[in-house]
Structure formats: structure tokens, C-alpha cells
Amino acid sequence: MITVSIVSHGHGEMVSELACSLLPLPEVSQILVTLNRRENLDLPDHPKLEIIQNRRRVGFGCNHNRAFQRSRNPYFCVMNPDVIITENPFPRLLKTLRETGAGLAAPQVYDAARTLQPSARHFPTVASLARKLLRGETGACPTPKGPAATYPDWVSGLFMLASRDAYLDVNGFDAAYFLYYEDVDLCARLWAAGHSVVLEPNAAVIHDAQKKSHADPIYFLMHIRSLFRYLRKHRSRRSGRPSRPTRAP
């Protein structure tokens with residue numbers, strides 16, 4: 001039913017633990033692990049599991065688009081290696097996709113200390129970035145007050161569950177983003193194509209965030225470059241998306 005795509009950049013044990021935690025889940029019938037550089041992983045020989053070895057390093061979106069080409073299921077899940085599965089999030093996420101008619105769903109995200117993370121945000125604009133610099137505004141959506149699913153502008157690419165049809169409709173990620181903002185761009189194009197993006201507060205995962213862009217100048221420059229690409233590409237965007245989901249269940 002679900003194909004999970006994971007890309008490893010030397011994540012080793014982290015990827016192995018995540019893949020092994022996904023294998024018993026009945027909703028997951030295919031796990032594609034892309035090695036973006038040469039490494040040895042301690043992974044079991046399992047019919048659900050396939051290893052893809054890149055000949056050369058490519059970007060986040062390109063890797064997941066290539067994995068999608070190998071997928072054979074009606075749902076495609078992009079997942080970071082540093083995601084930790086404590087409880088199966090897929091039954092609730094699938095239910096939400098079916099009930100809302102959304103094109104993409106994401107769970108609530110917590111850090112290793114079980115603190116809620118701002119994984120759902122408003123689309124960035126020049127004005128919102130200025131407010132971030134001057135006032136410290138993050139652009140994060142308010143924490144859901146109840147059990148009902150909410151409709152943020154975009155959700156983090158660390159965990160995205162999309163219907164195959166919606167992913168195909170927008171041709172997946174824009175591979176011109178090597179790293180960062182490809183998740184924002186994907187959500188923007190999904191909304192523009194009439195597919196809503198939904199956050200399901202009753203499903204949760206843990207994210208052991210590395211935040212390399214804050215510590216490494218190379219990653220920081222990648223972050224800035226992708227931001228400017230996004231702003232140029234979506235400069236005509238005002239409110240970010242329709243005021244309500246455009247596709248009913």
C-alpha cells in the first residue's frame with residue numbers, strides 16, 4: 001500500500017534502525033533506501049527492502065523522484081533517516097487522506113526530548129522573512145487545539161505521505177533544488193494544482209534533528225540559495241494557497 005523512500009548520506013546505523021522499524025508495519029509494503037554515497041549498511045535481506053546505490057551524488061528531490069519511479073504503490077512516503085518511529089503513524093494518516101481527499105499528509109513532529117516541533121508553517125514571503133529578522137517570527141502555524149486535522153501551507157519534508165496521483169500531478173519534487181525548500185515548493189505546487197496539504201495531530205514521529213545549516217557554512221549557503229530560488233519561482237504568490245481545501249473527499 002505504501003512505498004517509503006529514505007536517502008542516506010552516510011547515516012549508517014540510523015538508516016538501519018529506521019528501516020528495521022518500518023519492516024513490521026503492515027501498511028508498508030516497499031522500502032527504498034538510496035545510498036547517495038558509498039557506505040555499508042547492516043540491513044536484513046527482506047522482500048520489502050531494496051537498496052539503490054547512486055553512481056554520483058544528487059539532491060534531495062532528485063533522489064526521491066528516482067525512488068518514486070521504482071514505487072509500485074498508491075501511496076508514497078518521503079522520510080528522513082533521522083526519523084524515529086515509536087508508534088505506527090500510517091493508519092491514522094491514511095484515514096485522514098481518505099476522509100479529507102488531501103493530496104499529502106504529515107504527522108506531528110517531536111524532538112528527542114518529546115517537545116513539539118514547528119514542522120507546519122506558512123509560506124515564506126519577503127515580508128515574512130523581514131518579520132523573522134526584525135521580530136523573530138518563525139512562520140510556524142499555531143499548534144492544533146483539538147484532534148481535528150489542520151491545513152497548513154506546507155509541512156516539512158522529513159515526513160510526507162502523498163497519494164501517488166497527487167505526486168504525479170505535480171511531477172514530484174523540483175530537482176533543481178539540491179537541498180532545502182523543495183518541500184515548501186512541493187506543497188505550493190500541490191495547493192496550486194488543487195491538492196490540499198493536511199497535518200494530522202493524532203499521528204506522531206520523533207525527529208532527531210541535525211540542523212547542519214545552522215553549523216556548517218556550506219549547508220547555510222545551500223539554504224540561502226534555495227530560499228532565493230523559491231522566492232523567485234513563487235514571487236507572484238500572495239496568500240500562499242486557497243482559503244480552504246479545493247478537493248472534497
Side-chain angles (χ1 to χ4, degrees), residues 2-9 11 15 18 30-37 50 52-83 93 97 102-107 109 119-124 152-199 205 207 209-210 212-213 219 221-235 237 240-241:
I2 298 173
T3 294
V4 177
S5 174
I6 306 166
V7 180
S8 179
H9 306 270
H11 289 92
V15 174
L18 176 57
Q30 185 181 26
I31 303 169
L32 302 175
V33 177
T34 301
L35 306 184
N36 211 23
R37 71 184 199 190
E50 180 181 349
I52 305 167
Q53 176 65 68
N54 283 348
R55 293 184 178 180
R56 64 181 182 87
R57 187 179 178 221
V58 297
F60 178 96
C62 182
N63 274 310
H64 288 297
N65 286 348
R66 288 180 178 180
F68 181 79
Q69 297 295 323
R70 295 174 181 245
S71 68
R72 53 177 183 265
N73 289 301
Y75 296 96
F76 182 69
C77 184
V78 170
M79 198 177 297
N80 273 14
D82 50 5
V83 167
L93 290 171
L97 283 174
L104 186 148
V109 178
S119 61
R121 298 176 182 266
H122 300 293
F123 285 125
D153 284 354
W154 67 276
V155 293
S156 173
L158 69 93
F159 191 119
M160 290 175 151
L161 178 63
S163 72
R164 184 178 189 87
D165 290 343
Y167 197 90
L168 277 173
D169 198 21
V170 296
N171 297 313
F173 288 106
D174 180 350
Y177 295 88
F178 188 84
L179 190 61
Y180 305 116
Y181 279 88
E182 56 280 285
D183 47 4
V184 192
D185 175 82
L186 177 67
C187 291
R189 289 183 292 111
L190 283 169
W191 278 112
H195 301 281
S196 53
V197 174
V198 63
L199 177 72
V205 296
H207 181 222
Q210 303 300 306
K212 286 186 176 179
S213 65
Y219 284 97
L221 289 174
M222 286 184 183
H223 199 127
I224 296 300
R225 180 179 179 182
S226 293
L227 169 60
F228 280 118
R229 175 176 176 79
Y230 173 84
L231 292 175
R232 287 195 303 270
K233 182 176 179 180
H234 298 279
R235 60 183 176 273
R237 185 175 301 279
R241 61 174 175 87

Original post:
Between Val155 and Ala120, what is the shortest heavy-atom contact and its length?
Top reply: CG1-CB, 4.3 Å
**OP:** Would you check, one step at a time, whether the test side chain to side chain contact (heavy atoms under 4.5 Å, CB included) holds for Leu104 with Leu186?
**Re:** CA-CA 10 Å; Leu104 186 148; Leu186 177 67; 4.1 Å; yes
**OP:** First locate atom CD1 of Ile2, then atom OG of Ser71, and finally report the distance between them rounded to the nearest 0.5 Å.
**Re:** 12.0 Å
Original post:
Are any of the side-chain heavy atoms of His207 and Asp82 separated by less than 4.5 Å?
Top reply: yes
Original post:
How long is the gap from CG on Leu35 to CD on Gln53, to the nearest 0.5 Å?
Top reply: 4.5 Å
**OP:** Identify the two heavy atoms, one from Asn80 and one from Leu18, that lie closest to each other, and give their separation to 0.1 Å.
**Re:** O-CD2, 3.3 Å
**OP:** Apply side chain to side chain contact (heavy atoms under 4.5 Å, CB included) to Tyr181 and His223, showing your working.
**Re:** CA-CA 8 Å; Tyr181 279 88; His223 199 127; 3.4 Å; yes
Original post:
Does any non-hydrogen side-chain atom of Pro124 lie less than 4.5 Å from one of Val184?
Top reply: yes
**OP:** Would you indicate whether the side-chain heavy atoms of Val197 and Asp153 approach each other to under 4.5 Å?
**Re:** no
Original post:
Closest approach of Gly103 and Leu97, non-hydrogen atoms and distance?
Top reply: C-CD2, 4.1 Å
Original post:
Between the main-chain N or O of Gly172 and the side-chain N or O of Arg189, is there a donor-acceptor pair closer than 3.5 Å?
Top reply: yes
Subject >> Minimum heavy-atom distance Pro107-Leu199, with the two atoms named >> reply: O-CD1, 3.3 Å
Subject >> Pairwise salt bridge (Lys or Arg N to Asp or Glu O under 4.0 Å) hits with a residue in residues 52-70, at least two apart >> reply: Glu50-Arg70
Original post:
Is NZ or CZ of Arg164 both nearer than 6.0 Å to the six-membered ring centre of Phe68 and within 45° of the ring axis?
Top reply: yes
Original post:
Is there a donor-acceptor pair under 3.5 Å between the side chain of His11 and the backbone N or O of His9?
Top reply: yes
Subject >> Phe60 ring center near His64 ring center (under 6.0 Å) >> reply: yes
Original post:
Going from CG on Leu32 to CG on Asn63, what distance comes out if it is rounded to the nearest 0.5 angstrom?
Top reply: 11.5 Å
Original post:
Which heavy-atom pair separates Gly61 from Phe173 by the least distance, and what is that distance?
Top reply: CA-CB, 3.6 Å
Original post:
Any idea which heavy atoms bring Tyr180 and Tyr177 closest together, and the distance?
Top reply: O-CD2, 3.6 Å
Original post:
Could you state the interatomic distance from CG (Asn36) to CD1 (Ile52), rounded to the nearest 0.5 Å?
Top reply: 11.0 Å
Original post:
To the nearest 0.5 Å, what is the distance between CD1 (Ile224) and OH (Tyr219)?
Top reply: 16.0 Å
Original post:
Between the side chain of Thr3 and the main-chain N/O of Gln30, is any donor-acceptor distance below 3.5 Å?
Top reply: no
Original post:
Counting N and O atoms only, with roles assigned by atom type, does the side chain of Trp154 sit under 3.5 Å from a partner on the main chain of His122, one being a donor and the other an acceptor?
Top reply: yes
Original post:
Just how far is it from atom CD of Gln69 to atom OG of Ser5, taken to the nearest 0.5 Å?
Top reply: 11.5 Å
**OP:** Quick one: list whatever passes side-chain hydrogen bond (donor to acceptor under 3.5 Å, both in side chains) with Asp174, sequence neighbours left out.
**Re:** Arg229, Lys233
